[in-house]
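Each ligand, and each atom within it, is numbered from 1 in the order the structure gives. Residue numbers start at 1 and run along the sequence shown.
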Amino acid sequence: MDKPAYPPAPDAPLLIFDSGVGGLSVLDAVRKALPDAPVIYAADTAGLPYGSKSEAEIAARVAGLLGRMAERYQPRLACIACNTASTIALGMVRDVLHIPIVGTVPAIKPAAALTQTGVIGLIGTEATIRQAYVDNLEAEFARGKTLLRLAAPDLVAAAEAKLRGEPVDMAAIEEAAENLRMMASGNTIDTLVLACTHFPLLSEELAQVFGPDVRQVDGAAGIARHIAHLTQGQDFARSRPDRAVFTGADGIEALRPALAARGINEIVVL
Ligand code: DGL
């Protein structure tokens, strides 16, 4: 890929990428911080869910897709709004793309600063919770705390359903809460890391099940601040409406209202 123009053209978009709707939780925070920024919301809907895939498959999909999308849409910056993809492929993507890449990693650092009981729950995908990246964050920022990790893939499906206007599977959330509480010290969790970008989309349902005393922590606001910092001084002006770009057409029509609520009225299928 050629070196991009600097400073970027005012209509150069921010590319926000996830496997599905999860990255919309990051888009919400980016919209608050940078309301004038042109955005392309990209989701590998044909590859969803990432959480049950191997590291090799995720890395190949993410690097390949972001490469193609960067060529095609010339974004000024790409945000991997997915913990699974970031904890596996962030380094590789940074090596191949010549634009700033902002990743999403489990918010263990802020959670460790907030916990009073010293017991932190972390829910993410199967792939995320087994990453060395997470071990390293735990060793660096949560020394002396207890971090209880749980794979909660059914909550990815619940968030996808919610954004399509379907009922949320509360039993899946109750099961996740129960599985965490059953772990040693699990009943003293006071801080819950939402280590999957789909999960903040279920924050009300999570609060209902976990109760008001368990604080939910995710990285969206921090990511938005980081993007604002990296694009400081740049001009933003839309020359066309914001778009969503999906790799598969299945089930995307039902997402139109959730996308429209976020200022995205055009869907492109790659
Ligand atoms: N939203 C993604 C994350 O943050 C994962 C969803 C999936 O399994 O594809 O990890």
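Protein heavy atom at the shortest distance from atom 10 (O) of ligand 1 is Thr84 OG1, 2.6 Å. The shortest contact between atom 8 (O) of ligand 1 and any protein heavy atom is with Gly51 N, 2.9 Å. The shortest contact between atom 7 (C) of ligand 1 and any protein heavy atom is with Tyr50 N, 3.3 Å. Of the protein's non-hydrogen atoms, the one nearest atom 6 (C) of ligand 1 is Ser19 OG, 3.5 Å.
Within the listing of ligand 1, atoms 1 (N), 2 (C), 6 (C) sit less than 4.0 angstrom from a heavy atom of His198. In the vicinity of Leu48, heavy-atom distances shorter than 4.0 Å reach the ligand 1 atoms 9 (O).
Under 4.0 Å from ligand 1, heavy atoms of Cys196 appear from its side chain as well as its backbone. Residue contacts with ligand 1, taken as heavy atom pairs separated by less than 4.0 Å, involve Thr125 solely via side-chain atoms from C-beta onward. With a 4.0 Å cut-off on non-hydrogen atoms, Asp18 touches ligand 1 through its side chain and not its backbone.
Qualifying salt bridge (Lys or Arg N to Asp or Glu O under 4.0 Å) partners for Arg238, counting only residues two or more places apart in sequence or in other chains: Asp242.
The side chain to side chain contact (heavy atoms under 4.5 Å, CB included) test with Thr115 is passed by exactly one of Leu192, Val217, Ile120, Leu147: Ile120. Screening Thr87, Thr84, Asn83 for a side-chain hydrogen bond (donor to acceptor under 3.5 Å, both in side chains) involving Thr125 leaves a single residue, Thr84.
The aromatic rings of Phe17 and Tyr50 sit tilted, their planes meeting at an angle between 30° and 60°.
The shell of residues lying under 4.0 angstrom from ligand 1, judged by heavy atoms, includes Cys82.
Under 4.0 Å is where a charged nitrogen must lie from a carboxylate oxygen, and between Glu126 and Arg130 no such pair does.
With a 6.0 Å radius and a threshold of 12 heavy atoms from other residues, nucleotides or ligands, Arg31 has its CZ atom above the threshold.
When hydrophobic clusters are built by joining Ile, Leu, Val, Met, Phe, Trp and Tyr residues whose side-chain heavy atoms come closer than 4.5 Å, directly or via intermediates, Leu150 is grouped together with Val119.
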